[in-house]
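I have placed the structure first, in the form of structure tokens, so that the comments after it can refer back to it.
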Amino acid sequence: MPERAVAPSFEAITRHPLDTVERLNWEDSNTLTGVIRQSRTDTNTFSLEIHENGAEYANTKCGDLSSGASLELCSKLTRDGERLLLSSNTNISSIAFKNTPPIYDSDAYGRRAVTPVAWSSDHAFLLAGERLVRNDWSQRTPKVIGGTKFVEVGDEPGPVSRTEVSILDISGQKRIASTLVDGLVSGADWFRSQRVYFSAAIASENRTDIFEYISGSQSFRRVYSTAGVANSLVPRISPDGKQLALVLNADNMRWGDFQSLVLVDVKSGKARRVTTDIALFDDDFFWSADGESIIARFRHGGFDSIVSIDLSGRALPVRSGPRRHYLMVPSPDRTRVAYLTEDLDGRSDVRVYDLGANEEKVELVTSNPATEYALSDWEQITWGAPGDVNPSGFLIYPPEYDSSKRYPMIVDVHGGGGGSRLYMDAPITIGVNPGPLEWHAWAALGYLIFVPDYRTTGAYGPAPITKMYRERVFDGLADAQDVISGVEHLIEKNIADPSRIALLGHSAGGRRVFMALHERSDLFAAAILNDPIAPDPESFMYFMSTGHLTGGSGLRILESRVGVSIAEDTDQFSRNYLFDAWKIKTPTLIMMGDGIRSQPHAPYEILFSILRRSGTPSRFIVFADEGHAYLKPDSALFALETIHEWLSHYCPPE
């Protein structure tokens, strides 16, 4: 650490983002390529030539590869760096060669960017899926009869969301096959250049299908189907082409809360569950070269780890420790695996693990804030919660922590909802500088930072989730109880000052903050809700059946989460906690995006009105040019300063 190192400030962390690797690929057995982001507008590709004595690093600006390239463009580079998937955040999407016109283009009304991309092993063929999404009635061209303009809401054929799946012949620069599926395509994998498999979540029928396309044909065959639409079901075909590996929720078939490894016979479609006791990620796994095991990432209290699972379900550790391991990419011969790691100091790197020699090497350190800033100490903690759950969480200490003192505490409840992970990304700066430096900045101001996990992430086994579904407990309430029990644990340990505890929640974390206030407002001195999702079943019911979801599959998705139809148990959809807000006495700051790219305002406008009516200090801010996350440094800085002002008044450090 250099002399006079200072703690990260809000100004520094919003203006000077950490380098972030966003994609890895093997170009050949000794060369890694990837995409590294320095800022929202400054993105490079890089290559690592790996040798016995280390790796040689080189990088190239994305702008050198394609005119008008952006972060989205660069993140879809193929292994050879020559072919790009060009996409945008709006309605235009295309696929092009380097320096050539697009071979596939659409800007039709209601279409969205092409996703995902799956190249055949020889790069001769490409599978791409373009989403067709029903827009809100206000975005449609009205009909005109007798001078009267009107929109027939919900008159469109088919479901709210469809995907046009295309097989593209790259050498011939043409589309050779396509099909329209009623749902969202979320994963694909080729068996050489002969067959490709992809998944489609079909909300209108509450199921997810796996389809097969065989080169040279015009037909697509369904090879597997399972209930539920929240399993991403990314397929991975075995080296012999006989089995598909999938990661899905085999216990409840509703949501991605606890996910297990399942093998599917390609010919018969028969499925066999392989694991029962470890929570896997649905998109970060691959087959070993011999087809006798699967290397997968599993949840480990925020420190996502890597495990090898044989076909009988026996799991052996590969890499673990106090850091997150993710974005695994096997080498072409599958003898090595490259991946990213990060820790709560914000250090991130690219590592390569030799599966035969059981050796790991750090090939590239992409960021190491400890060389620039004075950072706080941190640890992972575990506590007991109701229902025999032992959640984990992160604890970041103020500098020069004194165990004889009690500290004011900020409880940052992470977002993501059911099946999400315990993030190492703080909420306000996640769009401009992903990572934990925001927490260190708060710690430097004298706060203890507690980042709790909760049961519906799936990291603590299927039993508590199954029990929650069986007893029809609202997931926001179950998770809020885990958060509250963690706070009580730190009070009992004489670490947190019980009179100075603040809640902060972004997205689904905001729902859990609201429910924690509903249950124990007396425990919290201040609260911040940052673009939270709808807080209770009733308001979520309104959200899932209005706007562009009017008359469509949104209600069906909600029914799949609840586990019953609205006709079977209306009470499960009409439970209202929002109107109890008059009981909340915690000063509450609400910050929302523009209402178009962000979460709906209506539930929190109601909350704000009730808090105002009951005399609870409250403030409601709308960021007119931001969406669900702050993408502009000025906005993130303003949000942090606004929160700081709120906490300085209601939950001040000494």
* To do: Before accepting this row, confirm whether a basic side-chain N of the pair Glu342/Arg347 lies closer than 4.0 Å to the acidic partner's carboxylate O.
  =>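 Judged by the 4.0 Å cut-off on N to carboxylate O distance, Glu342 and Arg347 do not form a salt bridge.
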* Asked: Salt-bridged, Arg500 to Asp497, with N to O below 4.0 Å?
  ->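 Between Asp497 and Arg500 there is a salt bridge, with a charged N closer than 4.0 Å to a carboxylate O.
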What about [X] and [Y], are their ring centers closer than 6.0 Å?
X      : Y      : result
Phe620 : Tyr604 : no
Trp442 : Phe10  : yes
Phe450 : Trp383 : yes
Phe285 : Phe298 : no

* Could you tell me whether a side-chain N or O of His506 sits under 3.5 Å from a main-chain N or O of Gly415, the two making a donor and an acceptor? => no
* **Main-chain N/O of Tyr454 paired with Asp479 side-chain donor or acceptor, under 3.5 Å** =>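 Checked: no pair found.
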* Report yes if some heavy atom in the side chain of Ile584 is under 4.5 Å from a heavy atom in the side chain of Leu611; otherwise report no. => yes
* Asked: Do His300 and Ser392 have side-chain heavy atoms sitting under 4.5 Å apart?
  -> no
* Determine whether more than 12 heavy atoms belonging to other residues, nucleotides or ligands lie under 6.0 Å from atom NZ of Lys361. =>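 Atom NZ in Lys361 is crowded, with more than 12 foreign heavy atoms closer than 6.0 Å.
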* Any side-chain donor paired with an acceptor under 3.5 Å for Asp482 and Tyr460? -> no
* Any residue meeting salt bridge (charged side-chain N to carboxylate O under 4.0 Å, His left out) with Asp304, in chain and number order, not counting sequence neighbours ->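 Applying salt bridge (charged side-chain N to carboxylate O under 4.0 Å, His left out) to Asp304 gives Arg297, Arg324.
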